[in-house]
Structures are given as C-alpha cells and as structure tokens.
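Nothing here was measured: the structure is a model prediction, and the numbers come from that model.
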Amino acid sequence: MRKLIVIFGDQLSHGLSSIRDGDPAKDAILMMEVVEEATHVRHHKKKIAFIFSAMRHFARELSEKGWAVHYIKLEDSDNAGSFSGEVLRQCKILKPERLGVTEPSEWRVLEDVKTWQSDLGIPVDIFTDTRFLCPLPKFTSWAKGRKQLRMEYFYRDMRRQTGLLMNDDGKPGEPIGGKWNFDTENRKPAKADLFMPEPKRFEPDQVTQEVLDLVNNRFGHHFGDLEPFWFGVTTQQAHEAFEHFLQTALPHFGDYQDAMLKGEKFLYHAVTSLYLNIGLLDPLEMCSAVEEAYKAGDVPLNAAEGFIRQIIGWREYVRGIYWLKMPDYASGNFLNATRDLPEFYWTGDTDMACLKAAIKQTREEAYAHHIQRLMVTGNFAMLIGVDPKQVHEWYLTVYADAFEWVEMPNTIGMSQFADGGLLGSKPYASGGNYINKMSDYCGDCAYKVSKKTEPDACPFNALYWTFLARNETKLKGNPRLAQMYATWSRMSAQKQTAYLNASEKFLASVYPSE
C-alpha cells in the first residue's frame, strides 16, 4: 500500500483534499468510530447516531467508487478506542508507506495528528481543508494589525472574494441593493397563525437502524432522545433537505430568523448546519443556490443576504477566530464567572417558559436555532455568572451541528463575552422584554415579564441589572452599554437594592446550597 488516507467523521466530502490527492489503485482509506470521540463530552444520542450512520453510508459510497475502505466500527472487538491508537494499530497491519489526512477541524485532534509521523516512523501528509472559503493563513493576514476583528468587515471581503450578491451592472465592488447587511429587516416576531414548513425528514434504513441500536446500547445514559430519528445521513439526502428548505422556507427565513414560538421548533430555519458541518453539503454551492433563488425572484434580498452572511460571513469568521486564538481561547473567562451550570439545563425542569421550551426541544431534536441558543440559554447563563467552560461543554454536548471550531467561539465569544470583546462588540445580555418581543413564551409563563422585582417577576429582569452592576468595572467603558449604565446610575438606591435582592432570592432557588 502506497498511502493510507485517514478520514474523520466531519470530513464526509467526496471532494476532500486528501481523497483528491489519492489513487484508488494504490491507496486505501481508513475510517474509525472510536469511543474517545463519542465521550470526550457526553454527546447527545442523536448526534452520535447521526455521525456514525453518515460515516457508514459515506464509506459505502467510497467503496462503490472503487476505494478500498478499512472501516472500524465501534463494536469491533479489537477497536483501539482512539484515533491515534487505531491509526497505530492499522499501520502495523496494513504497513502503508505514508499517511494522508486533511487537517482536522479541532485543535486537540490536530495536536494528535502532529505526533503520528514520529510515532509511526512514516511520512504524514496533512492537506489543507479546501472545503472552507477562507484559508487560515488568509484569515491570519486579514486579522494582523487590526484593533478590532469585526465580522462585518470580514464578511464584506468575503462577498467581494466570492462575488455573491455583488453588482455586475457598472458598479463593481458594490453590493446588490446598496447595503451589505439587511439584518435590521430580519427581526420580526412571528405569529402562530403563520404557515410553518417542516424540515425534510428521512426514515432510517437498515444501516441507520443498526447504528440506533448500537447507540441505545452503548450510550443510552447520554443526554437527549434518540428517537424518532429523522436526520438525513447521505450526501443525496442532505441535498434533498437543503432543496426542501429553498422551496418551502427560505422566502420567509430572513423576516423571522430571530423569532421564537411555542410548539414551533424550526420556523423557517434550514436545519442543514449539521449536514454542512460534517461535509455532506458544500458552503459555496449552498450560497450560490440561494443567490440564484434571489435572482430568479423566488426569495427577497433580505432572506438571501441573511442566509449567505451566516455561511460565508459568520461561519468562516468564527473558524478563523478559533484557529487564530487556540488553545488559550478555550479558557477565556473575562467576567470571572464561576457558578456551575444549573441542573435544569439537562432536565428542563424550570418554571421559566422560554428556558423550558428551548431545553425540551434540545433534548428532543439535538437542535435549537441561534436566538434560542444566544438570547435564551446563553443569555441566562451569562446573567447568572456560569463558568463559560461549562456553558461551552454543554453546547458542544447537546447540539448535532456542534463541533468545537464553530461552537466554542460562538459560546466563549458571542454568547458569554468570555473573550472580553474580541468577537462581539458587547455582551448579548437582555431582560425579559427582548424575549417577550421575539416570542410568545411569556404569555403562559409562571413569571410575569411586566413585573420587575416582585416574587413572580420574570427573573431575567432583575438578573439583567444585577449582571450590569456586578460587572460594572469591566463593562462600563463599553460605548454600547453607556445608555444602560446611565439608566442604572439614575435609579434610586432603593430601586437598585430591590433588583439586587430579587436576583439574590431567585439565585437561592437555583443554587440552594450556596
């Protein structure tokens, strides 16, 4: 064997750089299900099943294309249990002349890969992951010398680079519609009488059912519901799911992308990030399809721009931040938050309707959309001062689309402001009014969003002001918080004390042993 090509579970792309460099007549492929990856955090059962089933289907597709695939199942009796252990074992058996691998998406895995050459005594070729649109050296160059690494300016450069939604009518370099960003048009609250499309669902085939049985037996104690399992697990199914979104939900995606409704888990969201993040979809192909839908008159500009910004702007940007700042980024704790994550993040056992809905949905689907993550579960954790590492590990655990390179900056940076403002210009903190505006959660909640400090007042209201007071030394100089600190300073001492006391009483119910 000339070369053994190692493919990880989030690299399920037929155009993967390591595959393109290989030759089925001379090389072979190694894919591994290892317990270390399933348990380094106790991943949601649906997430494990999704990745393992997609891996098995991808291995079969590779075999059909003529590749010799050495596939190590989790239940194999001689499974070494880790990437490095299994690579070492297979190299002793197969005796390849060299290894090939596309650079892993996570820092800790890359650190392992870097040891293979010395451990194995054969060359290891690490190829650039060309599935991303901004090579990491280019992001490093973009970031060099900048006082602020704001996504908006990076996004504009990516628009120019890709040509997506750019003028071609004599105004080169200018965005279609005259604006780069239509986010102000994408904050409409939804009403329950709107038609809500459902994401494309797929029935488990025999391969998936075998994986479901495996996960139930080996990881039944992990968080979340395993069934009903409806995710796509092949390249074809992922494309069908995305096409379904284009036809049924994209026209209203922009308007309602920040909205939340009881009983509506998906609204107009694509629910395709899980497919994209393991390689079953291509980011540029997705964005080109959305652009074509806009140009055909099928979707409004704010919907097309909002979707494209999430892919070529935010997704590429957070990946750049991750690799630019790791490994220190993982330990960021700018606000010195030390509380444990409340137990109800695992059980959903809380009287706060918004948190109950988001956590229940997360348990059932391994999914919640970005506003539920940012302004409900993330906002609450930041307001009460939860250790950001615990928040990060929770998100990494519970969502099917969560891989460290994309989840960590979203949590440490945007959600918890634990990087001190490197990624976000201000903490995404709010009281109950924001949730009330963007959802219908508050109407049936045991707490009253209109009340401020009474026993039945929405906890977010007092927690918000307590958060600002607790972190005044670090946050008062932030210009985007100047108005709120001015409001706080104008409050009477009695009113300030009422907010602080209400927070203390509520937190005593969350942490009775404190």
### Query
Hey, mind stepping through Phe231 and Phe50 against ring-ring contact (aromatic ring centres under 6.0 Å, His included) and telling me if it holds?
CA-CA 7 Å; Phe231 296 152; Phe50 166 61; 5.7 Å; yes

Cation-pi check, [X] onto [Y] ring (under 6.0 Å, within 45° of axis):
X	Y	value
Lys389	Tyr395	no
Lys47	Tyr399	no
Arg42	Phe223	no
Arg319	Phe139	no
Lys73	Tyr71	no

### Query
What heavy-atom pair brings Arg339 and Gln390 nearest, and what distance separates the two atoms?
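Looking at all heavy atoms of both residues, the shortest contact is O-NE2, 4.2 Å.
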
#### Entry: Over all atoms of both residues, closest heavy-atom pair of Asn277 and Asp10
O-CB, 3.5 Å

### Query
Cut-off 3.5 Å, side chains only: do Asn410 and Trp314 have a donor facing an acceptor?
yes

#### Entry: Partners passing side chain to side chain donor-acceptor pair (under 3.5 Å) against His57 (at least two apart in sequence or in another chain)
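Listed in chain order: Ser53, Asp205.
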
### Parallel, tilted or perpendicular, as decided by the 30° and 60° cut-offs, for the rings of His269 and His370
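Ring orientation of His370 relative to His269: perpendicular.
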
### Phe154 and Trp142 aromatic centres sub-6.0 Å
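Yes, the ring of Phe154 comes within the 6.0 Å limit of the ring of Trp142, centre to centre.
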
